[in-house]
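Taking it in order: structure first as C-alpha cells, then the write-up.
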Amino acid sequence: MLYPGEWSGKNMGTNLRKLVTPTEIDIASLRHKTLAVDAHNQIYQFLSVIRQPDGEYLRTSDGKVTSHLLGLLPRTANLLNRGIKLAYVFDGLPPQLKEQTIRSRSDRKSDAAEKLAQAKEAGATAEMKKYAARTARLTPEIIDSSKRFLEAIGVPVIQAPSEADAQTALMVQKGGCYAAASTDYDTLLHGSPRLVRRLSKSQRATSGPELLVLEDILDTLGISHDELIAIAIMMGTDYHPRGIRGIGPRRGLKLVKQNDIPKAFDRAGCDFDWQAIMGLYQDMETEEDYSVLWEPPNNEAIRVMLVDEYEFSEDTVEKRIDELEDAYEQFG
DNA sequence: CGGGCCAA
DNA sequence: TTGGCCCGG
C-alpha cells in the first residue's frame, strides 16, 4: 500500500546542512510566537521512535495505533505551556514529480519490514528497533486522529493543498507565524524567512533549538534565493533525488556564483528539467484562507478521545488537560 | 519522544 | 540535582 506523500526519516528533503549556519536560541525567545509545525515530519518521528521493545507500535486493545498521540500529547502541552503558539500544517497531494521519491521510500519500507521480520525471528532486539523505525507510515487513520486531537486541544490545523513546506513558507511570509518548525530544510527553499529546528531537544543543555534565517543564509553565501534553490536542485531534492552527479554544496555554490542560473545548470551537465523543479519551489499551490488562532482546549472532547477511544490513563490525560488550560489562560 | 522513578 | 532506565496503550 502506497500512501500519498510517503514519509521517510532518511533521505528526506534536501540536505542543505553544509550551506547553512544555524544560530542556537533559547526556547524562551519563542514565547508568544507562533510556529508553523510540519505535521507529517513530527508525526513520523513519533511513529519511528515510540515503540514497544519488539518494534511494534503502541496500540489500543482493538489495534488502533496510539504512538503518535502518545508523542503529541506531552509535546504540544509542553510547548504551549512555555507560551509557544503552534499551528500544525498537514501535507496535501504531492506534486507529480515526487512520485519517484515516494515509490523508493515505499520500497525501502518494504525492505525494512522484511528485515524486521528476520530480526524478530532471530530475537535481535537492537535490530528490531532499528528496522521497525524505518517501517513507520502515516496512514489515513493516523493523520485523521492527529488532526482530531489537535483540534480538541485548540491548536489550529491547516490543510495544505500540496506540500506543507510551501504552505508553511507562506504562513511565515505573511506574518501569521514567526517560523516554520521542522527537521528538514525544504521550507527555506519554498521561501520561509525563518526555520526552527531541534525544538524537541529544547530541554537538554547539549543541543538546544536552532534558528535559521533565510536572509542571513543568503547574505552569508552571497547568493539569491533562486540561486540557493538551484544549488539544492543540483545536489538533489525530493523532486529529483539524484541531482547532478558530482555536484555537492561546494561546486554548486561556485557554479551559481560564476554563472547565471541556466548557464550554471548547463555547465554542471544537467540532463533533466530543472526549471520544472524550480517552479515547484517558487510557485507551489498554497491556501491563503487559513487561521492560526489558538482556541481553548475542549476538555470533554480530549477525554472522550484519549481516555474512552484510545485507552489513555485518566491520570495522564487529566494532568495534561490542566497544563493545557493553564497555558491557554496564560498565553492564549 | 517525554515523564516519572530511583539510585548515586 | 543528575542521569540511567522503564513505561506509555
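So you know, we letter chains A, B, ... as the sequences are listed, proteins then strands, and number each from 1. Computed from heavy atoms alone, side chains included, the values below leave out hydrogens, waters and symmetry copies.
Atom CZ in A:Arg51 sits about 14 Å away from atom C1' in C:dG9, given to the nearest Å. As a whole-Å value, the separation of A:Lys129 NZ from C:dC6 C1' is 11 Å. Distance A:Phe149 CZ to C:dG9 P: 13 Å, rounded to the nearest Å. One atom, CG of A:Leu72, and another, P of C:dG9, lie 15 Å apart when rounded to the nearest Å. In this structure, CG of A:Asp315 is placed 18 Å from P of C:dC7, rounded to the nearest angstrom. As a whole-Å value, the separation of A:Leu69 CG from C:dG9 C1' is 10 Å. Taking atom CZ on A:Phe312 and atom C1' on B:dG3, their separation rounds to 13 Å, with Å as the unit. Between the CG atom of A:Leu47 and the P atom of B:dG2 there is a distance of 14 Å, given to the nearest Å.
Phosphate contact (OP1/OP2 of B:dG3, side-chain N/O of A:Asn78, threshold under 4.0 Å): present. The side chain of A:Arg75 places no N or O atom within less than 4.0 Å of a non-bridging phosphate oxygen (OP1 or OP2) of B:dC1. Phosphate contact (OP1/OP2 of B:dG3, side-chain N/O of A:Lys319, threshold under 4.0 Å): absent.
Among the nucleotides B:dC1, C:dG9, B:dG3, the one closest to any side-chain atom of A:Gln52 is C:dG9. Closest approach to the A:Leu58 side chain among C:dG9, B:dG4, B:dC1 is made by C:dG9 (side chain taken as heavy atoms from C-beta onward). Listed nucleotides B:dG2, B:dC1, C:dG9 differ in distance to A:Ile50; the shortest reach to its side chain belongs to B:dC1. When distances are taken from the side chain of A:Leu70 to each of B:dG4, B:dC1, C:dG8, the shortest belongs to C:dG8.
Judged by the 6.0 Å and 45° rule, A:Lys147 forms no cation-pi pair with A:Tyr88. The cationic atom of A:Lys64 (NZ for Lys, CZ for Arg) lies less than 6.0 Å from the six-membered ring centre of A:Tyr310 and within 45° of the ring axis.
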Side chains of residues 262-275 of chain A: which donor-acceptor pairs under 3.5 Å do they make with residues two or more places apart or in other chains?
{"unit_1": "A:Arg267", "atom_1": "NH1", "unit_2": "A:Asn259", "atom_2": "OD1", "d": "2.8"}
{"unit_1": "A:Asp273", "atom_1": "OD1", "unit_2": "A:Gln275", "atom_2": "N", "d": "3.3"}
{"unit_1": "A:Asp273", "atom_1": "OD1", "unit_2": "A:Ala276", "atom_2": "N", "d": "3.2"}

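Contacts of A:Gln45 with the nucleic acid, taken as non-hydrogen atoms under 4.0 Å apart, are absent. At the heavy-atom level, A:Ser313 lies under 4.0 Å from the strands shown only through sugar-phosphate atoms.
For the atom pair CD1 of A:Ile277 and OH of A:Tyr281, the computed distance is 7.5 Å after rounding to the nearest 0.5 Å.
For the residue pair A:Glu163 and A:Tyr239, a side-chain donor N or O sits within less than 3.5 Å of a side-chain acceptor on the partner.
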